[in-house]
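Everything below concerns the one structure shown next.
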Amino acid sequence: MRPSKALLIIIGALFAGSLVVAGFRLWLPNPNAQNFTVVWWALFTAFCLAIIIDGLDTRCKSAVQVVRRVSANISLGVRNRVRLQVTNDAPYTVRFTITDSYPAQVRVRHLPRAVELPPNGEATVSYELYPTARGNATFGRAQLRIKSRWRLWEFRQESGEGETVRIFPNFTAIKYFQDLRHEQQLSQLGVHRRQRRGEGSDFRQLREYREGDPLRQVDWKASSRHNRLISREYQDERDQEIVFLLDCGRRMRAKDGELSHFEHALNALLLMSYIALRQGDSVGIMTYAGERRWLPPVKGPSAINALLNRVYDVHSSTETSDTRQAAEQLIGQHRKRSLVILLTNVTIDDRDDLMESTGLLRSNHLVMVASLREEHIDNTVNTPVTSFDSALAYSGAMQLLEQRRRLLKSLQLKDLHIVDTLARNLHINLVNKYWELKRGGLI
């Protein structure tokens, strides 16, 4: 409990009035001054009693109840709305200031808020919440500063219940694509499907021949029975398995803009998983260099939720990535032939480790290496050289890019599939490569 501003003003006024009364007694010693003094001290006593009575009336502390309304799953980097439902059980108006005990990994707007509730009334206080890190986020109880009935005191009160919510990677793109037709999804992503309809791997149906169909698709037996040309239509081969090998090491902590390479890789992983699951494929994930997690390939409508629940609180670490060890663990966990996608940041220092690890994986699986390139290196190369320092920066950037190019080329000569891209373009290039392999009958 603490005095309100109004009470402090009243106390100041009483002190000033006491000085004035004392002055009257000294300079005007007459019966009128004495009467004025008696009236003043009566008022002073009444004010003091009011202050004491108002401070002892603590019913307002328990009059306000708060219930928080927040989604159990919220997205990283997306503004979310939190609602505090407040009710007043007292038979008189209650005034208070409210704020929330929000998690450390979020930013908020529109808090604290001043509220005035009528007798037995209710109101909704809402504020914006902007998550800045994934994982479990814990809310405490709402904090209130409740004014006493006569507004002379303020009581500190906690109300409501604490709760934990999960901050997921930004999956709003997945929600958006769920509302589009399949071809619209691909065009929105910038994905190019080069193969014509009906040229997949799995037989789908027989249909009437159309101009432009290749002769190898003509079913001659069916054509002779119907006395017209009949073509076989195929669809992409289904029931294939994709396993992501996600590097959580220190190199993935590099940032381009607000997001780290790890966040870009995780978002691209989830979006590609959604597309692959829509194609009937199974998707699994293994993380390494930090917290180790393993989810065997899953499929079906609920598989994307299983992936989200498995990786939403995984973060990059300061550990050095040991890709060979991760490859050995993956082979021990999963031997069925799959498309293994290694998401990492390739440097020349990783040459021996990458050669050994990808060689191990290639013995059982089809391997793709998706390497994230630092944007500032490309910017340095594309910036005109105007000074000696910029010339040095240009030379260093060109040397790094050339070393990376040679390393990726040597991996490609080992029958590995390579995606070398800026972090912000990873999702597009990754999905394009997936379609290239799928349409080529490699998966």
Is the shortest side-chain heavy-atom distance between Asn364 and Arg337 below 4.5 Å?
no
Any heavy-atom pair between the side chains of Leu360 and Ile331 that's under 4.5 Å?
yes
So how far is it from Ile146 CD1 to Ser159 OG, rounded to the nearest 0.5 Å?
8.0 Å
Show the nearest heavy-atom pair for residues Val78 and Asn80, with the distance to one decimal.
O-ND2, 2.6 Å
Any luck finding a side-chain donor-acceptor pair between Gln65 and Asn88 under 3.5 Å?
no
Could you check whether any side-chain N or O of Ser387 sits under 3.5 Å from a backbone N or O of Ser390, counting only pairs where one atom can act as donor and the other as acceptor?
yes
The criterion is side-chain contact (heavy atoms from CB on, under 4.5 Å); which residues satisfy it with Val381, sequence neighbours excluded?
Tyr394, Ala397, Met398, Leu401
Do Leu361 and Leu245 pass the side chain to side chain contact (heavy atoms under 4.5 Å, CB included) test, and can you show the C-alpha distance, the side-chain angles, and the key distance before you say yes or no?
CA-CA 11 Å; Leu361 292 171; Leu245 196 56; 4.2 Å; yes
How long is the gap from NE2 on His264 to CG on Leu259, to the nearest 0.5 Å?
4.5 Å
Considering residues at least two apart in sequence or located in another chain, which fulfil the side-chain contact (heavy atoms from CB on, under 4.5 Å) criterion with Pro112?
Thr97, Thr99
Once rounded to the nearest 0.5 Å, what's the spacing between atom CD1 of Ile348 and atom CZ of Arg404?
10.5 Å
Nearest atoms (heavy-atom pairs only) where Trp220 meets Leu229
CZ3-CD2, 3.8 Å
Residue pair Asn345 / Asp350: nearest heavy atoms and the distance that separates them:
O-OD2, 3.7 Å
Backbone N/O of Leu330 and side chain of His334: donor-acceptor pair under 3.5 Å:
no
If you apply the rule side chain to side chain contact (heavy atoms under 4.5 Å, CB included), what do you find for Leu339 with Phe244, and how did you get there?
CA-CA 8 Å; Leu339 170 62; Phe244 289 96; over 6 Å; no
Would you please say whether a donor-acceptor pair under 3.5 Å links the side chains of His376 and Thr380?
no
Just by distance, with hydrogens left out, do His427 and Asn267 show a side-chain donor and acceptor under 3.5 Å apart?
no
pair Ser316-Arg251: side-chain heavy atoms closer than 4.5 Å
no
For Ala123, enumerate each residue passing the side-chain contact (heavy atoms from CB on, under 4.5 Å) test, keeping only those at least two apart in sequence or located in another chain.
Val86, Leu117
Are Arg68 and Asp100 close enough, and set up right, to give a salt bridge (Lys or Arg N to Asp or Glu O under 4.0 Å), and what steps lead you there?
CA-CA 9 Å; Arg68 184 187 298 105; Asp100 203 1; 2.8 Å; yes
So, applying side-chain hydrogen bond (donor to acceptor under 3.5 Å, both in side chains) with Arg373, which one of Thr421, Asp378, Asn425 is it?
Asp378
So, Arg292 and Glu319, do they make that salt bridge, N to O below 4.0 Å?
yes
Where do Leu269 and Ser273 come nearest, in terms of heavy atoms and distance?
O-OG, 2.6 Å
Any idea how Phe168 and Tyr312 line up, ring-wise: parallel (<30°), tilted (30 to 60°), or perpendicular (>60°)?
perpendicular
Does any part of the side chain of Val82, heavy atoms only, come nearer than 4.5 Å to the side chain of Ser126, both counted from C-beta?
no
Between CD of Glu122 and CG of Asp89, what distance do you get to the nearest 0.5 Å?
10.5 Å
Among Val66, Thr124, Val125, find the one that has a side chain to side chain contact (heavy atoms under 4.5 Å, CB included) with Gln85.
Thr124
Apply salt bridge (Lys or Arg N to Asp or Glu O under 4.0 Å) to Arg405 and Asp420, showing your working.
CA-CA 9 Å; Arg405 186 192 67 79; Asp420 182 30; over 6 Å; no
Test Asn136 against Thr164 for side chain to side chain donor-acceptor pair (under 3.5 Å), laying out the working first.
CA-CA 7 Å; Asn136 292 320; Thr164 300; over 6 Å; no
Worked verdict on Leu342 versus Leu354 for side chain to side chain contact (heavy atoms under 4.5 Å, CB included):
CA-CA 10 Å; Leu342 175 60; Leu354 276 173; 3.8 Å; yes
Test salt bridge (Lys or Arg N to Asp or Glu O under 4.0 Å) on Arg424 and Glu375 and set out the steps.
CA-CA 9 Å; Arg424 55 184 167 85; Glu375 192 166 352; 3.2 Å; yes
Report yes or no: do Arg107 and Thr132 form a side-chain donor-acceptor pair below 3.5 Å?
no
Which distance, rounded to the nearest 0.5 Å, do you find between the OG of Ser101 and the CD of Gln143?
4.0 Å
Are any non-hydrogen side-chain atoms of Ile167 and Gln105 less than 4.5 angstrom apart?
yes
Between His365 and Lys336 the two heavy atoms that sit nearest each other are CE1-O, 3.0 Å
Got Asp281 and Glu241 here, is their nearest side-chain heavy-atom distance under 4.5 Å?
no
So, taking the atom named OG1 in Thr344 and the one named CG in Asp353, what distance separates them when rounded to the nearest 0.5 Å?
9.0 Å
Does some side-chain heavy atom of Tyr288 sit less than 4.5 Å from a side-chain heavy atom of Cys248?
no
Would you sort out whether Leu308 and Leu270 count as a side chain to side chain contact (heavy atoms under 4.5 Å, CB included), showing the intermediate values?
CA-CA 8 Å; Leu308 280 168; Leu270 291 170; 3.6 Å; yes
salt_bridge(Arg134, Glu263) N-O dist < 4.0 Å:
yes
Audit row: Arg324, Glu356, salt bridge (Lys or Arg N to Asp or Glu O under 4.0 Å) steps and yes/no
CA-CA 6 Å; Arg324 178 185 172 85; Glu356 292 181 13; 3.2 Å; yes
How close do Asp322 and Gln325 get, heavy atom to heavy atom, and via which atoms?
OD1-N, 3.1 Å
Is there a side-chain contact between Val314 and Phe262 in this structure, where contact means two heavy atoms from C-beta onward sitting under 4.5 Å apart?
yes
